[in-house]
Number of protein chains: 2
Amino acid sequence: MSDAYYLQLTEQLRTLIDQNAAQWEGKLPAERVLAEHFATTRVTLRQALSQLEGEGLIHRSNRRGWFISPARLVYDPTRDAGFNDYVRAQGRQPRTAVLKLEARVHPPAARALGLPDDQPFQHIRRRRYVDDRAVLVESLWVVPERAPELLDIYAGQSLWGLLRERWGHYLANRSIRMVSEALSPLDAEELFVAPGTAGLNINRAIFDDQRRPIEYDEEHWLHDSLCISVELSGQR
Amino acid sequence: MSDAYYLQLTEQLRTLIDQNAAQWEGKLPAERVLAEHFATTRVTLRQALSQLEGEGLIHRSNRRGWFISPARLVYDPTRDAGFNDYVRAQGRQPRTAVLKLEARVHPPAARALGLPDDQPFQHIRRRRYVDDRAVLVESLWVVPERAPELLDIYAGQSLWGLLRERWGHYLANRSIRMVSEALSPLDAEELFVAPGTAGLNINRAIFDDQRRPIEYDEEHWLHDSLCISVELSGQR
DNA sequence: GCAAACTTCTGGTCTATACCAATCAGCCAG
DNA sequence: CTGGCTGATTGGTATAGACCAGAAGTTTGC
């Protein structure tokens, strides 16, 4: 092979991980150990590990080490099914932590919903887990008129379920935007990963069946933890 | 700031790029020049550049240097509009190069379309450009019965247009899958970028209005060159 | 028995340097 | 003026070593 050494290393690591996944219990040996095992430098070794990270095979958490990434979560952003539902449907364990509840303006949300920039919102910030791994943080910006006492009531349950059951809102129209990104220092910190980690940003503007604005949603996912899947029928 | 130096560097580079974009004509100065300008090493400098690359602000081409990335292409994978159409609609110049035309089996396509593994396909491999930058490579796997002489006819035009006009196929049902990826050595080479560059993989299985399989589509995009946008109406 | 303090390990960052291979610009020959 | 050659430039890769701060594990002190 005339390939770069770090690419060969990537392949060797891939098979090594494959064979020892069970015995390592998801956590790779220390970088210094691996570097010595392959008789190379930590710099080169890390280059190879970063490749595998880009593929979504492994990831790192805090400063605790490298871990083997679980299967991606299949996610359909066009459907109403709550996070908890479809995580469970895939045999995984969901969890949600509420990070912030406040009333605030947020011009990006206002613009996406066609409201004036000084429109106040009810802001819910939460972190979501799959099998105890934090996989996304999101900010929800809800139009106050649509859900008056939301901030007093809310305690981590499904927002869309709440909107439907308590206020009778049926979410009918939505506009979705997806962009790959590098996680901002804040998002990264809240997800316990290094700043600049690859992520996927999903934004949704949601209206009811009369095109009244309901909610704007900003999600920041770890890039390796989801697979977006959309099923469409009917000619367009 | 107690942040890491390379993160400060990232910010300084960001403003530097902002201010000098016009004068540099899209191409950044050499790494060695930048490293000296900031009184640091190329290694650290490259770490900062990689951050900006992750954000999609800059990219590199071959070994020619770092370039400022153009605005992302807005793309709706749920619509029929051909690549050429929506690239032009956004005021950009599209181009297509056909890389391969052949008949072959391809089990992943067969499975996605619900056909036996040994189903033969007509394979079109092409590279697509926006303003002379290669932004994606794709493989199209067309069921031969639906478009008999395709391989003889095809010369780079819109495939969906051809299917509609020549064979009267109206694409009605589709199932779409999107996953972030690291570009394979082959895909990377065909896009003139380094192996392992961040990409976005979009796969589509397409059926007609009687749910007969028509075509399977594997796209590999540069991660920084698109923004996925979907508009949905109607309750689901 | 438990919490606090300390030590070790580990990933994250950074410096300095070197060599290779692709690219590019300029020169030279036809 | 053109086409091929050549040498300087530049990004890509790699080595070696160092220090820091957070995490984890161990010991100490009450």
Side-chain angles (χ1 to χ4, degrees), chain A residues 1-13 24-54 58-68 132-134 182-183 185 188-198, chain B residues 1-13 24-54 58-68 182-183 185 188-189 191-198:
Chain A
M1 243 198 275
S2 71
D3 268 349
Y5 180 52
Y6 83 96
L7 287 175
Q8 298 175 36
L9 239 190
T10 304
E11 295 314 309
Q12 294 179 34
L13 276 169
W24 288 344
E25 292 174 353
K27 184 178 187 310
L28 270 62
E31 289 181 2
R32 286 172 174 84
V33 175
L34 287 173
E36 192 176 5
H37 177 266
F38 288 108
T40 184
T41 331
R42 269 181 71 209
V43 181
T44 304
L45 191 262
R46 278 171 65 88
Q47 210 175 345
L49 289 172
S50 298
Q51 285 287 316
L52 296 175
E53 186 185 28
I58 58 176
H59 66 273
R60 45 201 157 147
S61 168
N62 268 346
R63 292 160 176 273
R64 300 189 299 115
W66 292 86
F67 297 83
I68 300 173
D132 286 320
R133 179 186 179 203
L183 294 176
E189 194 190 327
E190 292 185 338
L191 286 173
F192 315 117
V193 296
T197 299
Chain B
M1 244 198 275
S2 72
D3 268 349
Y5 180 53
Y6 83 95
L7 287 176
Q8 299 176 37
L9 241 190
T10 304
E11 295 314 310
Q12 293 178 34
L13 275 169
W24 287 343
E25 292 175 353
K27 185 180 188 307
L28 270 62
E31 291 181 0
R32 286 172 175 83
V33 175
L34 287 173
E36 192 176 4
H37 177 266
F38 288 109
T40 183
T41 329
R42 270 182 70 212
V43 181
T44 303
L45 191 262
R46 278 170 66 86
Q47 208 175 347
L49 289 172
S50 298
Q51 285 287 318
L52 296 176
E53 186 186 27
I58 58 177
H59 66 274
R60 44 199 159 153
S61 167
N62 269 342
R63 291 163 175 271
R64 299 192 298 114
W66 292 87
F67 297 83
I68 300 172
L183 293 176
E189 194 190 327
L191 286 172
F192 315 117
V193 297
T197 298

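FYI, side chains are in, hydrogens and waters are out, and symmetry mates aren't considered; it's all heavy atoms of this structure. Order of the sequence lines fixes the chain letters, A, B, ..., with proteins taken first and strands second; residue numbering starts at 1 for each chain.
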Trainee: Test of understanding: with side chain to side chain donor-acceptor pair (under 3.5 Å), list the residues that count as partners of Q47(A), not counting sequence neighbours.
Mentor: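 Once residues adjacent in sequence are excluded, Q47(A) has no partner under the side chain to side chain donor-acceptor pair (under 3.5 Å) criterion.
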Trainee: For DNA chain C, what residues of residues 34-43 of chain A have any heavy atom nearer than 4.0 Å?
Mentor: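 Those residues whose heavy atoms fall under 4.0 Å from DNA chain C, taken from residues 34-43 of chain A in numerical order, are R42(A).
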Trainee: Which two nucleotides bound the region of DNA chain C that has atoms under 4.0 Å from heavy atoms of chain B, read 5' to 3'?
Mentor: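 Result: dT13(C) to dC24(C).
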Trainee: Considering only residues two or more places apart or on different chains, which pairs with a residue in residues 29-44 of chain B satisfy side chain to side chain donor-acceptor pair (under 3.5 Å)?
Mentor: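 Non-adjacent pairs meeting side chain to side chain donor-acceptor pair (under 3.5 Å): E31(B)-R42(B), E31(B)-R46(B), E31(B)-W66(B).
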Trainee: Whole Å only: how far is the CG atom of L9(A) from the P atom of dA14(D)?
Mentor: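 My rounded result for the distance is 8 Å.
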Trainee: I'd like to check the salt bridge (Lys or Arg N to Asp or Glu O under 4.0 Å) partners of E53(A); sequence neighbours left out, ordered by chain and number.
Mentor: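 Once residues adjacent in sequence are excluded, the partners of E53(A) under the salt bridge (Lys or Arg N to Asp or Glu O under 4.0 Å) criterion are R60(A).
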Trainee: Residues from residues 24-33 of chain A sitting under 4.0 Å of DNA chain D, heavy atoms only?
Mentor: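 Correct list: R32(A).
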Trainee: Between atom CG in L45(B) and atom P in dG12(D), what is the gap in whole Å?
Mentor: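 Atom-to-atom, L45(B) to dG12(D), this comes out as 12 Å.
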Trainee: State which residues pass side chain to side chain contact (heavy atoms under 4.5 Å, CB included) with E189(B); sequence neighbours excluded, sorted by chain then number.
Mentor: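 By the side chain to side chain contact (heavy atoms under 4.5 Å, CB included) rule, E189(B) matches no residue at all.
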Trainee: What's the separation between atom CG in L49(A) and atom CG in L45(A), rounded to the nearest 0.5 Å?
Mentor: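 CG of L45(A) is found 5.0 Å from CG of L49(A).
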Trainee: What distance separates I68(A) CD1 from E25(A) CD, expressed to the nearest 0.5 Å?
Mentor: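 If I round to the nearest 0.5 Å, the distance is 10.5 Å.
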Trainee: Quick one: is dT13(D) close enough that its OP1 or OP2 comes under 4.0 Å of any side-chain N or O from Y6(A)?
Mentor: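 Indeed, a polar side-chain atom of Y6(A) lies that close.
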Trainee: Can you tell me how far the CZ atom of R133(A) sits from the CG atom of L191(A), to the nearest 0.5 Å?
Mentor: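 The distance works out to 9.0 Å.
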Trainee: Apply side chain to side chain contact (heavy atoms under 4.5 Å, CB included) to Q51(A) and list each qualifying residue two or more places apart in sequence or on a separate chain.
Mentor: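 Side chain to side chain contact (heavy atoms under 4.5 Å, CB included) list for Q51(A), sorted by chain: Y6(A), L7(A), T10(A).
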Trainee: For F38(A) and L13(A), which heavy atoms make the closest approach, and how far apart are they?
Mentor: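 Smallest heavy-atom distance, with atoms named: CE1-CD2, 3.8 Å.
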Trainee: Only counting residues at least two apart or in another chain, list the ones meeting side chain to side chain contact (heavy atoms under 4.5 Å, CB included) with R63(A).
Mentor: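 By the side chain to side chain contact (heavy atoms under 4.5 Å, CB included) rule, R63(A) matches no residue at all.
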Trainee: Output the rounded distance in Å from CZ (R64(B)) to C1' (dG12(D)).
Mentor: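 After rounding, the reported distance stands at 15 Å.
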Trainee: Mind checking side chain to side chain contact (heavy atoms under 4.5 Å, CB included) for P29(A) and listing every partner two or more places apart, or none if nothing turns up?
Mentor: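 Checked P29(A) against side chain to side chain contact (heavy atoms under 4.5 Å, CB included); matches are W24(A), V33(A), L34(A).
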Trainee: What is the separation between atom CD on Q47(A) and atom P on dG12(D), rounded to the nearest whole Å?
Mentor: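 Rounded to the whole Å, the gap is 10 Å.
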Trainee: Can you work out whether R63(B) or T44(A) has the more 5'-proximal nearest nucleotide on DNA chain D?
Mentor: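 First, find each residue's nearest nucleotide; the 5'-ward one identifies R63(B).
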